[in-house]
Amino acid sequence: MGKSRNARRGRAAVETVTENVDGGLAELVPDRERTRAWTLLIDGAPQSHVDLDDPAFLSFEYQRRLGHVIDLAAPAGRPLQAVHLGGGAFTLARYIAATRPRSTQQVVEKDAGLVQLVRRELPLDPGARIRVRSTDARAGLAKVPDGWAQLVIADVFSGARTPAHLTSTEFLDEVRRALAPGGIFAANLADGPPLAHLRGQIATAADRFPELALVADPAVLRGKRFGNAVLVACDHPLPVAELTRRAACDPQPARVEHGRALTDFTGGAAPVEDAAAVASPAPPPSVFR
């Protein structure tokens with residue numbers, strides 16, 4: 001295990017911090033343009049970005065899209081009860097704590113070594129109501145009381161792939177159990193041509209939720225490249241018009257699909273059950289170059 005650091009908690013942090021964690025080699029790389037901001041990589045794959053001075057700043061495209069969902073789940077300043085499956089550097093939990101003080105949050109991150117690294121190098125605000133559990137995402141979700149969460153965010157990758165047991169209808173049954181009426185589920189999904197995984201995940205969510213929307217780069221939706229898509233699901237109507245406006249105004253504009261167009265996009269894909277579930281496809285090496 002090797003580390004390098006220079007005033008890691010000061011304003012002059014300039015060196016990369018490296019450490020072996022359960023999921024591989026973790027690197028915290030300083031952002032040269034923002035003081036006390038860092039990018040987390042696992043085995044060279046970018047995972048998240050954190051600005052300790054401005055936790056409301058979201059650098060990564062997919063995190064901004066999840067940020068749009070958070071902003072639609074509750075007005076700024078109104079506390080949320082949120083569950084984060086997959087912790088990374090706790091970017092979205094920090095965002096909620098900064099924009100919605102007094103929120104109560106649970107983060108479930110299986111990689112205990114990563115949790116220790118992030119807590120040490122990028123400490124959470126001690127006043128934030130964020131509880132972190134080092135356990136499997138589905139096992140941690142099972143411990144959430146019925147109807148407790150207003151928002152559940154799934155952003156779980158192991159070796160850059162979403163584990164199979166987090167892609168099924170049975171998993172979504174646990175999500176629905178934990179959600180309060182009107183609560184929102186959002187998942188960060190990754191896929192590339194021919195988009196079989198993404199289509200299957202939409203069909204799976206449609207089997208359990210009456211309202212869906214998908215936010216993604218048009219090139220990803222056309223199967224032109226590998227990339228992320230954010231799937232949003234709820235048992236109440238979603239504010240699709242506002243989500244569409246926010247996605248279109250983003251520095252990296254995205255398209256929102258919903259309703260009949262989203263159903264057609266699935267191309268007749270069937271819902272995925274535990275017995276047939278597989279991990280999401282691995283990204284091609286070129287994605288991280």
Student: Would you name the heavy atoms of S280 and A190 that are closest together and state the gap between them?
Tutor: CB-O, 4.1 Å

Student: Please answer whether the main-chain N or O of H197 pairs with a side-chain N or O of D191 as donor and acceptor at a distance below 3.5 Å.
Tutor: yes

Student: Can you tell whether the side chains of R36 and D51 come within less than 4.0 Å, N to carboxylate O?
Tutor: no

Student: Would a 4.5 Å heavy-atom cut-off, applied to side chains only, mark L66 and I153 as touching?
Tutor: yes

Student: Is there a side chain to side chain contact (heavy atoms under 4.5 Å, CB included) between Q201 and T162 once you walk through the steps?
Tutor: CA-CA 11 Å; Q201 287 303 284; T162 301; over 6 Å; no

Student: Distance-only, no hydrogens or angles: does the R129 side chain make a donor-acceptor pair with backbone N or O of R102 under 3.5 Å?
Tutor: yes

Student: Donor-acceptor check, side chain of S134 to backbone of A112, threshold 3.5 angstrom: yes or no?
Tutor: no

Student: Please confirm whether the backbone N or O of A128 pairs with a side-chain atom of R94, one donor and one acceptor, at under 3.5 Å?
Tutor: no

Student: In terms of hydrophobic clusters joined by side-chain contacts under 4.5 Å, are L214 and V175 together?
Tutor: yes

Student: I'd like to know if the side chain of D111 reaches the main chain of L114, judged simply by a donor and an acceptor atom lying under 3.5 Å from each other, with no hydrogens or angles considered.
Tutor: yes

Student: With no hydrogens and no angle check, is any side-chain donor or acceptor of S158 less than 3.5 Å from a backbone partner on R161?
Tutor: no

Student: Nearest 0.5 Å please: distance from the CD atom of E15 over to the CG atom of L28.
Tutor: 13.0 Å

Student: Salt bridge or not for R225 and D217, using N-O below 4.0 Å?
Tutor: yes

Student: So do I42 and F157 actually touch side chain to side chain, heavy atoms under 4.5 Å?
Tutor: no

Student: Taking 4.0 angstrom as the limit, do R120 and E19 come out as a salt bridge?
Tutor: yes

Student: Before giving the answer on side chain to side chain contact (heavy atoms under 4.5 Å, CB included), spell out for R119 and V132 the whole-Å C-alpha distance, their side-chain angles and the decisive distance to 0.1 Å.
Tutor: CA-CA 10 Å; R119 280 189 178 277; V132 183; 3.3 Å; yes

Student: Could you tell me whether R260 and D264 make a salt bridge, using a distance below 4.0 angstrom between a side-chain N and a carboxylate O?
Tutor: yes

Student: Contact between T167 and V278 at the side-chain level, heavy atoms closer than 4.5 Å - yes or no?
Tutor: no

Student: To the nearest 0.5 angstrom, please state how far the CG atom of L195 sits from the NZ atom of K224.
Tutor: 11.0 Å

Student: In the structure I gave you, are the side-chain heavy atoms of V220 and F226 within less than 4.5 Å of one another anywhere?
Tutor: no

Student: Where is the tightest heavy-atom contact between P253 and P218, given as atom of each residue plus distance?
Tutor: O-CD, 4.0 Å

Student: Got a salt bridge between E61 and R64, using NZ or NE/NH1/NH2 to carboxylate O under 4.0 Å?
Tutor: no

Student: Indicate if L122 and V115 have the same hydrophobic cluster label, given that clusters are the connected sets of ILVMFWY residues with side-chain heavy-atom separations under 4.5 angstrom.
Tutor: yes

Student: Tell me, yes or no, whether the heavy-atom count around H258 atom NE2, taken from other residues, nucleotides or ligands under 6.0 Å, exceeds 12.
Tutor: no

Student: Hey, does the Lys NZ or Arg CZ of R176 hover above the aromatic six-ring of F185, less than 6.0 Å from the centre and inside 45° of the axis?
Tutor: no

Student: Is the closest side-chain heavy-atom distance between I202 and L231 below 4.5 Å?
Tutor: yes

Student: Name every donor-acceptor pair, under 3.5 Å, that has one atom in a side chain of residues 72-93 and the other anywhere in the protein, sequence neighbours excluded.
Tutor:
residue, atom, partner, partner atom, Å
Q81, NE2, W148, O, 2.6
H84, NE2, Q105, OE1, 2.6
T91, OG1, H49, O, 3.0

Student: Ignoring hydrogens and angles, tell me if any N or O in the side chain of T169 forms a donor-acceptor pair with the backbone of E273 under 3.5 Å.
Tutor: no

Student: Considering all heavy atoms of both residues, which atom of R177 and which atom of P145 are nearest to each other, and what is their separation?
Tutor: NH1-C, 3.7 Å

Student: I'd like to know if R246 pairs up with D71 as an ion pair, taking the criterion as any Lys NZ or Arg NE/NH1/NH2 lying under 4.0 Å from an Asp or Glu carboxylate oxygen.
Tutor: yes

Student: Linking I/L/V/M/F/W/Y whenever any side-chain heavy atoms sit under 4.5 Å apart, do L179 and L141 land together?
Tutor: yes

Student: Locate the shortest heavy-atom distance separating F171 from A154; write the atom from each residue and the value.
Tutor: CZ-CB, 4.5 Å

Student: By salt bridge (charged side-chain N to carboxylate O under 4.0 Å, His left out), which residues pair with E211, not counting sequence neighbours?
Tutor: none

Student: So which heavy atom on D250 is nearest to which on H68, and how close?
Tutor: OD1-NE2, 3.3 Å

Student: Check whether any side-chain N or O of D235 sits under 3.5 Å from a backbone N or O of G182 as a donor-acceptor pair, and report yes or no.
Tutor: yes

Student: Report the C-alpha separation of Q106 and V144 in whole Å, then their side-chain angles, then the decisive distance to 0.1 Å, and conclude whether the side chain to side chain contact (heavy atoms under 4.5 Å, CB included) test is met.
Tutor: CA-CA 9 Å; Q106 298 185 36; V144 176; 3.9 Å; yes

Student: What residues form a salt bridge (charged side-chain N to carboxylate O under 4.0 Å, His left out) with E27, not counting sequence neighbours?
Tutor: none

Student: What is the distance from atom OG1 of T266 to atom CD of E257, rounded to the nearest 0.5 Å?
Tutor: 11.5 Å

Student: If you round to the nearest 0.5 Å, how far is CG of D173 from OG of S168?
Tutor: 8.0 Å

Student: Which heavy atom of V256 sits nearest to which heavy atom of A213, and what is that distance?
Tutor: CG1-CB, 4.3 Å

Student: Could you tell me if the side chain of V50 sits less than 4.5 Å from the side chain of L40, heavy atoms only?
Tutor: no

Student: Under the 3.5 angstrom rule, does the side chain of R199 hit a backbone N or O of F265 as a donor-acceptor pair?
Tutor: yes

Student: Thinking salt bridges, do D274 and R138 make one under a 4.0 Å N-O criterion?
Tutor: yes

Student: Can you check whether W38's main-chain N or O pairs, donor with acceptor, with D31's side chain at less than 3.5 Å?
Tutor: no

Student: Answer with yes or no whether the hydrophobic clustering places L189 together with L262; edges join I, L, V, M, F, W, Y residues whose side-chain heavy atoms lie under 4.5 Å apart.
Tutor: yes

Student: To the nearest 0.5 Å, what is the distance between CG on L25 and CG on D43?
Tutor: 6.0 Å

Student: Using a 4.5 Å cut-off on heavy atoms from C-beta on, say whether the side chain of I184 contacts that of Q150.
Tutor: no

Student: Going through the checks in order, is the side chain to side chain contact (heavy atoms under 4.5 Å, CB included) test met by F60 and T39?
Tutor: CA-CA 10 Å; F60 284 12; T39 297; 3.8 Å; yes

Student: Would you call R34-D54 a salt bridge at under 4.0 Å N-O?
Tutor: yes

Student: Is there a chain of hydrophobic side chains (I, L, V, M, F, W, Y, each step under 4.5 Å between heavy atoms) that links L117 to L52?
Tutor: yes

